Amino acid sequence: MRISIHQETVSPMIAWLKEARERGDRNEGKLRAILSMPDYSVEFRRYSEPNLPVCGICFEEAVDFFLHFDEKDYENPRLASKKESFLAFYHDLDSRIQKMQMLENIMPEDLQLVEQLLKNGLPDSLMAEIDHFTVLLTVSIGNSMGWPYGEYIHFDVANLDSLEDKDTFLHVLAHEIHHIMFSRLLPEEMSPRQYFFVNFAFEGLAVHFCNNAATPEKPSKYSGPMLGMDETGWEFYAQQHTELIQKVLDDGEKSKGLTMEQVDELISGYEQFTFTSLKTGETRTVLQYPTYYAGCCLWGSIDLCLGKERLFEVLTSYDGFPDAWEEARQTLRIAQEEKRVFHTWERKKK
């Protein structure tokens with residue numbers, strides 16, 4: 001596996017932001033020229049895709065955001081969500097961009113960790129297809145840490161402070177590559193119910209295999225901590241674990257009688273940056289959707305208990321999901337009573 005890092009837009013955008021902060025100079029012509037650079041063009045192509053998560057930001061909205069982010073509010077929910085974190089970045093530019101140094105010394109042996117995580121989480125047949133990916137670094141107008149798109153893995157320089165160190169970055173990188181390869185597994189035709197649950201597998205399995213996340217019902221895949229995820233939000237979901245998992249299962253049953261468009265609408269309720277607790281009614285802003293958490297529990301349990309081969313057999317045919325989930329759930333209950341450990345690979349931190 002080869003990784004290239006593109007960061008050509010970062011220096012000119014940081015310089016533009018410093019001019020804006022220190023001299024009040026927000027030169028719109030310079031800004032438009034920066035946002036027209038090739039790396040940003042990839043970003044806007046991705047944001048124009050209507051069926052991808054965290055999209056819906058056009059070039060002109062980006063220009064307006066950079067010109068006015070500290071003096072106006074935004075109707076676009078993506079930009080509204082971005083504003084607070086971007087202001088923190090803007091007022092702390094020098095220390096925040098130091099985080100980029102952890103990407104400058106990525107060595108070939110570092111990629112062995114990424115490859116091992118992917119090997120654990122993908123069918124062997126797909127590993128042979130992994131070749132070259134481009135890590136795209138921009139000061140982003142999106143409200144996501146990053147996303148996969150084509151051969152690109154995007155990371156928002158404004159959000160790099162949330163990554164503790166290079167090791168965490170490598171796990172997040174594996175997560176994004178997992179998305180790209182996982183999409184190649186899915187059948188073109190799916191029933192509404194299969195489509196509903198596969199949406200949870202998309203994020204949930206990347207979290208399970210690459211971020212080492214656990215839930216009260218599912219242990220972590222490896223020994224060691226969860227990496228690259230918002231721990232506060234994860235704990236919020238864990239507090240309502242029983243209610244959340246049951247809601248997903250109930251909605252999955254409901255999806256059998258829906259059209260694909262109705263299932264999309266149903267799923268959209270789980271793909272929001274605010275979530276209201278099913279247990280207490282408290283509403284929180286979350287960095288990861290409920291699909292991450294519920295998918296990690298439902299599909300990760302099948303991997304831990306029944307193995308990767310059974311997991312992907314169920315994913316691609318799907319008919320066996322209810323039985324596989326129940327079998328895994330019962331196995332985990334017995335294992336917890338017997339204090340058995342499910343870690344399948346000793347993850348070593350560099």
Side-chain angles (χ1 to χ4, degrees), residues 1 111-131 133 148 170-188 190 193-215 217-229 245 248-249 252 291-336 338 340-348:
M1 181 174 65
L111 297 183
Q112 293 176 9
L113 171 61
V114 176
E115 289 178 340
Q116 181 64 60
L117 291 167
L118 294 171
K119 182 178 180 181
N120 292 343
L122 294 169
D124 295 340
S125 59
L126 273 188
M127 290 302 297
E129 297 182 21
I130 294 179
D131 181 24
F133 295 100
L170 293 170
H171 281 75
V172 176
L173 176 61
H175 176 119
E176 300 300 340
I177 295 175
H178 185 278
H179 283 329
I180 292 174
M181 306 309 296
F182 178 82
S183 297
R184 301 181 186 182
L185 287 170
L186 303 179
E188 291 186 9
M190 288 186 272
R193 186 167 180 258
Q194 180 181 10
Y195 177 67
F196 176 84
F197 279 108
V198 163
N199 272 271
F200 287 83
F202 181 78
E203 289 291 1
L205 286 176
V207 171
H208 168 70
F209 284 114
C210 303
N211 301 100
N212 203 34
T215 75
E217 200 161 8
K218 183 201 76 71
S220 57
K221 173 74 173 174
Y222 320 118
S223 62
M226 179 172 70
L227 293 169
M229 300 291 292
I245 295 301
V248 173
L249 293 173
T291 50
Y292 290 69
Y293 181 90
C296 176
C297 178
L298 292 167
W299 290 102
S301 296
I302 295 174
D303 166 65
L304 282 183
C305 299
L306 309 182
K308 187 173 70 171
E309 289 74 17
R310 176 78 176 279
L311 168 71
F312 288 109
E313 176 185 314
V314 172
L315 265 170
T316 51
S317 67
Y318 188 74
D319 291 338
F321 173 78
D323 291 339
W325 159 241
E326 192 55 40
E327 182 181 347
R329 193 175 214 176
Q330 294 299 329
T331 301
L332 284 170
R333 285 175 180 167
I334 294 170
Q336 287 178 341
E338 297 177 351
R340 281 194 281 128
V341 177
F342 273 88
H343 301 316
T344 58
W345 173 56
E346 183 70 21
R347 179 194 150 275
K348 291 181 169 55

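Values below: all heavy atoms of this structure, side chains included; hydrogens, waters and symmetry mates excluded. Just so it is clear, the structure is predicted and the values come from calculations on it, not from any experiment.
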Checklist entry - Between Val314 and Leu306, is any pair of side-chain heavy atoms under 4.5 Å apart? => result no
Item to check | Nearest heavy-atom neighbours spanning Pro219 and Leu332 | outcome: CD-CD2, 3.6 Å
Checklist entry - Does some side-chain heavy atom of Leu205 sit less than 4.5 Å from a side-chain heavy atom of Leu311? => result yes
Checklist entry - Is there a side chain to side chain contact (heavy atoms under 4.5 Å, CB included) between Leu304 and Thr331 once you walk through the steps? => result CA-CA 10 Å; Leu304 282 183; Thr331 301; over 6 Å; no
Item to check | Any side-chain heavy-atom pair of Leu173 and Phe133 under 4.5 Å | outcome: no
Item to check | Check: Cys210 main-chain N/O paired with His178 side-chain donor or acceptor under 3.5 Å | outcome: no
Checklist entry - If you measure only the distance, is there a donor-acceptor pair under 3.5 Å linking the side chains of Gln112 and Gln116? => result no
Next on the checklist: Using every non-hydrogen atom in the two residues, find where Ala206 and Asn211 come nearest and quote the distance to one decimal.
Outcome noted: O-OD1, 3.5 Å
Item to check | Flag side-chain contact, heavy atom, 4.5 Å: Met229 against Tyr292 | outcome: yes
Next on the checklist: On a heavy-atom basis, which atom in Ala214 and which in Ser220 lie closest, and how many Å separate them?
Outcome noted: CB-N, 3.5 Å
Next on the checklist: In the structure I gave you, are the side-chain heavy atoms of Cys296 and Met226 within less than 4.5 Å of one another anywhere?
Outcome noted: no
Checklist entry - Any side-chain heavy atom of Leu170 sitting closer than 4.5 Å to one from Leu117? => result no
Item to check | Working for side chain to side chain contact (heavy atoms under 4.5 Å, CB included), residues Ile245 and Arg329 | outcome: CA-CA 12 Å; Ile245 295 301; Arg329 193 175 214 176; 4.1 Å; yes
Next on the checklist: Any salt bridge linking Lys308 with Asp124? Criterion: basic side-chain nitrogen under 4.0 Å from a carboxylate oxygen.
Outcome noted: yes
Checklist entry - Do we see a donor-acceptor contact under 3.5 Å between the side chains of His171 and Asn212? => result no
Next on the checklist: Is the distance from the ring center of Phe197 to that of Trp299 below 6.0 Å?
Outcome noted: no
Checklist entry - How close do Cys297 and Trp325 get, heavy atom to heavy atom, and via which atoms? => result O-CZ3, 3.8 Å
Checklist entry - If we only count heavy atoms from C-beta on, is the Leu126 to Ile130 side-chain gap below 4.5 Å? => result no
Checklist entry - Between CD of Glu313 and CZ of Phe321, what distance do you get to the nearest 0.5 Å? => result 14.5 Å
Checklist entry - What pair of heavy atoms forms the shortest contact from Lys218 to Ala213, and how long is it? => result NZ-O, 2.9 Å
Next on the checklist: Would you compute the distance between atom CD of Gln194 and atom CG of Leu315 and round it to the nearest 0.5 angstrom?
Outcome noted: 8.5 Å
Checklist outcome for this item: Contacts of Ala328 meeting side-chain contact (heavy atoms from CB on, under 4.5 Å) (sequence neighbours excluded), chain-then-number -> Ser301, Ile302, Cys305
Item to check | Contact check, side chains of Val198 and Tyr195, non-hydrogen atoms, under 4.5 Å | outcome: no
Item to check | Closest heavy-atom pair and its distance - Glu217, Gln336 | outcome: O-NE2, 3.9 Å
Next on the checklist: Nearest 0.5 Å, please: how far is CG in Leu298 from NE2 in His208?
Outcome noted: 12.0 Å
Which atom pairs, donor and acceptor, lie under 3.5 Å between side-chain atoms of residues 179-188 and protein residues at least two apart or in another chain?
unit_1: His179; atom_1: ND1; unit_2: Phe202; atom_2: O; d: 3.3
unit_1: His179; atom_1: NE2; unit_2: His175; atom_2: NE2; d: 3.0
unit_1: His179; atom_1: NE2; unit_2: Glu203; atom_2: OE1; d: 3.0
unit_1: Ser183; atom_1: OG; unit_2: His179; atom_2: O; d: 3.0
unit_1: Arg184; atom_1: NH1; unit_2: Glu129; atom_2: OE1; d: 2.9

